[in-house]
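None of these values were measured; they are calculated from a predicted model.
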Amino acid sequence: MTDRAPQPVDRQLPTEESRDLLALVREIAQREIRPMAADEEDAGKFPRAIFTLLSEAGLLGLPYAGEHGGGEQPYEVYLQVLEELAAARLTVGLGVSVHSLACHGLAGYGTEEQQKAHLPAMLGGGLLGAYCLSEPASGSDAASLTTKAVREGDDWIITGTKAWITHGGVADFYTVLARTGGEGPKGITAFLVPGDAQGLTAAVPEKKMGMKGSPTAQLHFDGVRVPDTRRIGEEGQGFTIALAALDAGRLGIAACAVGVAQAALDEALTYALDRKQFGHPIADFQGLRFMLADMATKIEAGRALYLAAARLRDAGKPFSRQAAMAKLFCTDAAMAVTTDAVQILGGYGYTADFPVERLMREAKVLQIVEGTNQIQRMVIARHLAGPESH
């Protein structure tokens, strides 16, 4: 693997403060995250110390209000931070995105009392969150979830199983969607559940093809008692809260995908400039030059797409369609770019001595999480042509 550091992305940032912020993130990524990424991923080591460092640096609550410990940063800036972190190690970039997703419900729908009680620790107090929507039998069809929350006096008793939970078993708090009413989306309510709640256990983490350092596990709720003061929003409002969080979260996935693709391009370009065949750097050969050009174009297009959606969100305008487009395009681009990076490195690209094979394995999951790319196409089509007639 080359020791040559990648050139910083030329970013258009709105303020001097945001430029300083991105410089800090790059420094942390290069010093603390990137050097250990390959070994720790291979060993399946979760980088909890890195998340603690990011919390201390104020990087776990960037898009949230300063009065509760957030960074007051627009999504346009926050997403570029995610991109930089994901380029260094996807486990970290995606982990920050998931943490932000877990904070979204309370920050957007919690009472002032709830926000004062919990958000400071969640946003900047060293805690790490997770988001619990999917279940073994309800992935894309999230509205059919069956985990139940039954009212008992001033408490709720939660019973059921959640699946595919990033940070499952290591998170300090979980935003949990559970059924409190009838079938369908209107019977779902959101809760903030402590990670050490009695009756809450995590299964053995899934064995995955990539992101081995990020635990993904089922969570079992066996009569978990949660006070009503930890209910987020109104009863039956949970699915609305979940969808709003996912719109924002999809932008996080898009930014992470661009980061992974950028890292792959950096590696491929460095290799192509250094590697000589037939007396010339392989970067001199038109076939590879065109591959590199196409890779760079996909990355620039993806970055422009997620930033355009972020600016809509920052302006308070609808952005659901654009978020789905960004998630779809950026993750498909990441898969294509990382695959081409492996090809450019040839046999070396297929070995663990270079990071591109890991980046390719990691890119695949981004086409699946937080709504598969087939679901994104359905969302976009509904915005264009209305709901399906059946």
Within this structure, what is the CZ-CZ distance for the pair F319 and R250, rounded to the nearest 0.5 Å? 10.0 Å
Can you tell me if T270 uses its side chain to pair, donor with acceptor, with the backbone of E267 under 3.5 Å? no
Quick test of your reading: applying salt bridge (Lys or Arg N to Asp or Glu O under 4.0 Å), list the pairs with at least one residue in residues 56-82, sequence neighbours left out, ordered by first then second residue. E76-R311
Nearest atoms (heavy-atom pairs only) where A268 meets M295: CB-CE, 4.1 Å
Least distance between heavy atoms, T338 atom then L359 atom: CG2-O, 3.7 Å
Taking all non-hydrogen atoms of both residues into account, name the closest pair between V337 and A264 and its distance. CG1-CB, 4.3 Å
Between K212 and A43 (side chain of the first, backbone of the second, donor and acceptor by atom type, cut-off under 3.5 Å), is there such a pair? no
So, are R34 and D266 salt-bridged, with charged N and O less than 4.0 Å apart? no
Shared hydrophobic cluster for V226 and L177 (ILVMFWY, side-chain gaps under 4.5 Å): no
Salt bridge (charged side-chain N to carboxylate O under 4.0 Å, His left out) between E41 and R358, worked out: CA-CA 9 Å; E41 284 297 321; R358 171 172 58 85; 5.9 Å; no
Do L85 and V81 touch side chain to side chain, with heavy atoms closer than 4.5 Å? yes
So does E183 have more than 12 non-hydrogen atoms from other groups sitting under 6.0 Å from CD? no
Do the side chains of E362 and L94 get nearer than 4.5 Å, heavy atoms only? no
Please assess K327 against N373 for the test side-chain contact (heavy atoms from CB on, under 4.5 Å), listing each intermediate value before the final yes or no. CA-CA 8 Å; K327 198 274 184 184; N373 283 6; 3.0 Å; yes
Passing option when E370 is tested against D247, T331, I375, I253 for side-chain contact (heavy atoms from CB on, under 4.5 Å): I253
Atom CD of Q114 with >12 non-hydrogen neighbours under 6.0 angstrom: yes
Assigning hydrophobic clusters by single linkage (Ile, Leu, Val, Met, Phe, Trp, Tyr; side-chain heavy-atom cutoff under 4.5 Å), is M122 placed with I241? yes
Please name all residues satisfying side chain to side chain contact (heavy atoms under 4.5 Å, CB included) with H383, sequence neighbours left out, ordered by chain then number. S320, R321, V379
Contact summary for A29 and A88, nearest pair of heavy atoms: CB-CB, 3.8 Å
Checking T52 side chain against R48 main chain: does a donor-acceptor pair fall under 3.5 Å? yes
Decide yes or no for V96 and L62: does some side-chain heavy atom of the first lie under 4.5 Å from some side-chain heavy atom of the second? no
According to a 4.5 Å side-chain heavy-atom criterion applied to Ile, Leu, Val, Met, Phe, Trp and Tyr, with indirect links allowed, do L79 and L24 form part of one hydrophobic cluster? yes
Are L273 and F354 connected in a single hydrophobic cluster, I mean Ile/Leu/Val/Met/Phe/Trp/Tyr linked by side-chain heavy atoms less than 4.5 Å apart? yes
Strictly distance-based, threshold 3.5 Å: is any side-chain N or O of K45 a donor or acceptor partner for the main-chain N or O of D39? no
When you measure from the side chain of Y109 to the backbone N and O of E234, does any donor-acceptor pair fall under 3.5 Å? no
Using only atom types and a distance under 3.5 Å, with no angle test, would you say the side chain of K208 pairs donor to acceptor with the backbone of S214? yes
Got more than 12 heavy atoms from elsewhere within 6.0 Å of CG, D222? no
Would you check if the side chain of R303 reaches a backbone N or O of L305 as a donor-acceptor pair within less than 3.5 Å? no
Atom CE in M360, atom CG in D340: separation rounded to 0.5 Å? 11.0 Å
side-chain contact (heavy atoms from CB on, under 4.5 Å), paired with L219, selected from T147, V224, I165: I165
Interatomic spacing from OH in Y75 to OH in Y306 - rounded to 0.5 Å: 12.5 Å
What pairs of residues pass the ring-ring contact (aromatic ring centres under 6.0 Å, His included) test when at least one of them lies in residues 158-181, not counting sequence neighbours? F46-H167, F51-H167, H99-F173
Examine distances only and state if a side-chain atom of S55 and a backbone atom of G126 form a donor-acceptor pair shorter than 3.5 Å. yes
Do M335 and T339 come within less than 4.5 Å of each other through their side chains, counting heavy atoms only? yes
For atom CD of E112, decide whether the heavy atoms of other residues, nucleotides or ligands shown that lie under 6.0 angstrom number more than 12. no
From L59 CG over to L123 CG, what is the distance, rounded to the nearest 0.5 angstrom? 12.5 Å
Side-chain contact, heavy-atom cut-off 4.5 Å: T15 with L21? no
What verdict does the side-chain contact (heavy atoms from CB on, under 4.5 Å) test give for W156 and V193, after you've listed the backbone C-alpha separation in whole Å, the side-chain angles of each residue and the deciding distance to 0.1 Å? CA-CA 11 Å; W156 293 87; V193 180; over 6 Å; no
Heavy-atom closest contact (Q218 atom, P136 atom, distance): NE2-CG, 3.8 Å
I'd like to know if the side chain of E135 reaches the main chain of T146, judged simply by a donor and an acceptor atom lying under 3.5 Å from each other, with no hydrogens or angles considered. yes
With the threshold set at 4.0 Å, does a side-chain nitrogen-carboxylate oxygen contact exist between E83 and R11? yes
Would you kindly confirm whether F239 and I232 end up in one hydrophobic cluster when ILVMFWY residues are joined by side chain heavy atoms under 4.5 Å apart? no
Any ion pair linking R19 and E16 (charged N to carboxylate O, less than 4.0 Å)? yes
With a 6.0 Å cut-off (strictly less than), is the heavy-atom count around OH of Y350, excluding the residue itself, greater than 12? no
Measure the spacing between CZ of R289 and CG of D284 and express it to the nearest 0.5 Å. 6.0 Å
Would you say Y131 and L246 make side-chain contact, with heavy atoms under 4.5 Å? yes
For G182, is there any backbone N or O sitting under 3.5 Å from a side-chain donor or acceptor partner on R179? yes
For residues E152 and R225, determine if any side-chain heavy atom of one lies less than 4.5 Å from a side-chain heavy atom of the other. yes
Does the pair V77 and L22 meet the rule for a side-chain contact (heavy atoms from CB on, under 4.5 Å), with working shown? CA-CA 8 Å; V77 173; L22 265 292; 4.1 Å; yes
Can you list the steps and then say if M378 with E388 is a side-chain contact (heavy atoms from CB on, under 4.5 Å)? CA-CA 9 Å; M378 291 173 64; E388 297 87 342; 3.8 Å; yes
Value for SG (C132) from CG (L200), rounded to nearest 0.5 Å, stands at 8.0 Å
Can you find a pair of side-chain heavy atoms, one from L53 and one from I28, that are under 4.5 Å apart? yes
Heavy-atom nearest pair, K298 first then A336, reads CE-CB, 4.1 Å
